[in-house]
Number of protein chains: 2
Amino acid sequence: MDVTMKDVAKLAGVSLSTVSRVLNDSSLVREETARKVEKAVEKLDYQINDSARILRTNTSNLIGVIGAGMERPFLANLLKGIEAEARERGFALIYGDSDGEFEKEQNYLNIMKQKKIDGIILITTNYYNDLLSIVKNYNIPVVFASGYISDPEISCVTVDNVAAAYDMVEFLCQSGHKNMAFIKGPDLDMLASQERLRGVKLALRLSDIEYDSKRFIEGDFTFESGYSAAKKIINKFPDVTAIFAFNDEMAVGTIRFLKEQGIKVPEDISVVGFDGIDLGNYTDPALTTIKQSGYHLGLKSIEMLNQIINEGKIEDNKVFIPHKLVVRESTNKLNELTTKQEVITKNRG
Amino acid sequence: MDVTMKDVAKLAGVSLSTVSRVLNDSSLVREETARKVEKAVEKLDYQINDSARILRTNTSNLIGVIGAGMERPFLANLLKGIEAEARERGFALIYGDSDGEFEKEQNYLNIMKQKKIDGIILITTNYYNDLLSIVKNYNIPVVFASGYISDPEISCVTVDNVAAAYDMVEFLCQSGHKNMAFIKGPDLDMLASQERLRGVKLALRLSDIEYDSKRFIEGDFTFESGYSAAKKIINKFPDVTAIFAFNDEMAVGTIRFLKEQGIKVPEDISVVGFDGIDLGNYTDPALTTIKQSGYHLGLKSIEMLNQIINEGKIEDNKVFIPHKLVVRESTNKLNELTTKQEVITKNRG
DNA sequence: GTGAAAGCGCTAACAG
DNA sequence: CTGTTAGCGCTTTCAC
């Protein structure tokens, strides 16, 4: 078997409790004794048995992460931020992917409870409401990192999707676009995609543009879905001058489709995304988008969770991370003389 | 406190051991008794205390994953595959990112040992040799999922980087390219990048093309590094007709740079990548690359680890996952009449 | 300052 | 088939 505390105690010539005290930085140990113990620990390459410690103390220094679609660049960076900050604060991570299925989420929640995790980060959008009630029932510290949760008891950190989507549409309108189409996330996504939708509607209303639900095509945040959504858009609305995809990957898929059709971006159609992943700097044209930092989001989520774990509460439990409209090459100011609408009018006139 | 087995036993009117037997599918329990216990478990929403179980049994159903650069699409998919297969087989995952630093790797290894993980997947390339000796000393099942490990005791699963890189260069040569440049991975990367380098050299030799180390620029697998490596290449070797980046992101960065310079891909220069991430289908031009499946690699790594854990050994401990050359739009057959070399010659002549 | 002893919740002989 | 019992390795009173 592995080296145990008993072995250390024996080698150091002290009792079990003294070893434990030294390992836990207890100040009630003579420095000389401590040194003896430390020497023995080193010599035996002793590693504490975490299960025994957890069993006794009921605290695990373990944080559970339940995510979905984490292979998407934005979320992969979120995970990276979570990991880095968790490590920094002495937590290890149990990581589970739910594939957006409630059953798997529930399952992982149970597993994590069994492991006595100190807290949990939830990055899941579909059945979050059901999840929430389980989590509340389990009475475990939780931070939601994938959208705004209105329940006042629940902490969350997210970009302000409504405001950001609003900003983007406002920018498009100010650039002269009236004839827009949109690529949403999955309709099952009750958080980010819904919020962005709200932001779009708001901006449309304030710009006196009529809301037309047919102009919102459902995607699933992949390149492929952006590609096929663009196809639908071009078929149904050939006169569109701007397409707003709710994430960068779908925008890239859109651009690819348009180019295949010989449609120039941005000369013929402007295309914008959301998230601001690295890729957007290297596409042709480079992508106009809303930039937010997944890494920072991850950091912040652990920071909040840590506070809840340590202090039992958190003063500000709804936080927004910054976002910024980044205008690159995929958007055009619509010169009034060359607006398609105008051209048509002129041709008719 | 939480519900314990004692509570279940009391409610069901049986002893602790009976409850334990039922929970562990022990067949020596009358069906009726089992049902009583199950009912009590359900009623109390009992969750086993994993720490107690681990302490007692010394097996955790926990797999440790130590990775680096996991935000890269290929590796994000690898992680997804690991997670899916681990879940399938009843393992939970402890996940740690090493940032490619030995100290962090070592640290995580200790943490994981303390948690009595059943096995470990290593996806790290820089100091893998030092890691290996620790792991061997810890005597814990391990599978390496980021390159070929020659140590006969160590299991590994990876794409055949040598063969794949060879295939790519051979393809380029057969397309008439003689004047090539390459964008390597970091020189610290002792696995994938080194292996691909070997494959390239081999193909060069067999095609009677002289190896020139100056034509191998170091990158770090990011878009950005591909972009700047391409800049160096164009400055130093303006007559290059093909660039082979050792992953797709760097290839995309390369294409972006070339386009900015007004260099046409593939008409002026062919660009190829490695990995076959989704993105490559949606760039303009779509990317010629070596396709391998990160997800499948993840699956396989858990499958192997599981076998080592269960059977104490594995017959075939070096496995290669399939790869395929996928020719898309970023490469051109160099027509002999329009080879730059030929043109120059003709102009001179 | 340090040691002895109890017990966290579970499993696995062993007895019946 | 089921119950009793003895720990797994640690922390934490409680003595000294």
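A, B, ... follow the sequence lines: proteins, then strands. Residue 1 opens every chain.
- Residue B:R21 places a side-chain atom within donor-acceptor reach of the base of D:dG3, judged by atom type and a 3.5 Å distance cut-off alone.
- OP1 or OP2 of C:dT2 lies within a sub-4.0 Å distance of a side-chain N or O belonging to A:R30.
- A cation-pi contact, defined as under 6.0 Å to the ring centre and within 45° of the axis, is absent between A:K80 and A:Y295.
- Remark: the A:S17 side chain and the C:dA4 base include a donor-acceptor N/O pair separated by less than 3.5 Å.
- Classification of B:E38 and B:R35 as a salt-bridged pair fails, no side-chain N sitting under 4.0 Å from a carboxylate O.
- Axis angle between the ends of the helix from C:dG1-D:dC16 to C:dG16-D:dC1, five pairs each and rounded to 10 degrees, works out to 40°.
- In this structure, CZ of A:R53 is placed 22 Å from P of C:dG7, rounded to the nearest angstrom.
- Atom pair B:E31:CD and D:dT2:P shows a separation of 11 Å (rounding to whole Å applied).
- An OP1 or OP2 oxygen of C:dC8 is reached within less than 4.0 angstrom by no side-chain nitrogen or oxygen of B:T4.
- One interatomic measurement links the two molecules: CG of A:D7 to C1' of D:dC8, which rounds to 14 Å at whole-angstrom precision.
- At a threshold of 4.5 Å between non-hydrogen side-chain atoms, the residues B:K113 and B:I140 do not count as touching.
- Proximity of B:T57 to the phosphate of C:dT11: no side-chain N or O atom is located under 4.0 Å from OP1 or OP2.
- Distance B:L55 CG to C:dC8 P: 13 Å, rounded to the nearest Å.
- Out of C:dG1, C:dA4, C:dT11, the shortest distance to the side chain of B:M5 is found at C:dT11.
- Close to C:dT11, at under 4.0 Å from its OP1 or OP2, lies a side-chain N or O of B:S20.
- Computed from coordinates, the A:E32 CD to C:dG1 P distance equals 12 Å when rounded to whole Å.
- Put simply, CG on A:N58 is 11 Å from P on C:dC10, counting in whole angstrom units.
- Dashed line: the shortest gap from a side-chain N or O of B:T33 to OP1 or OP2 of D:dT2 is under 4.0 Å.
- With respect to B:E32 and B:K36, no salt bridge is recorded, no charged nitrogen being found less than 4.0 Å from a carboxylate O.
- Side-chain proximity of A:L16 to D:dC10, D:dC1, D:dC14: nearest is D:dC10.
- Judged as a side-chain contact (heavy atoms from CB on, under 4.5 Å), and not counting sequence neighbours, the contacts of B:E105 are B:I66, B:S98, B:F102, B:T124, B:Y127, B:L131.
- For A:D7 and A:K10, the salt-bridge test fails: no basic side-chain N is under 4.0 Å from an acidic carboxylate O.
- Pairs of residues two or more places apart, or lying in two chains, that qualify as side chain to side chain donor-acceptor pair (under 3.5 Å) and include a residue from residues 145-154 of chain B are B:K136-B:D151.
- Between the C1' atom of C:dC8 and the CG atom of A:N49 lies a distance of 13 Å, rounded to the nearest Å.
- Using a 4.0 Å heavy-atom criterion, one finds that B:I48 contacts the sugar-phosphate atoms exclusively.
- OP1 or OP2 of C:dT11 sits under 4.0 Å from a side-chain N or O of B:N24.
- We find that NZ of B:K6 is positioned 13 Å from P of D:dT5, with the value rounded to whole Å.
- A side-chain N or O of B:S20 and one of B:N24 form a donor-acceptor pair less than 3.5 Å apart.
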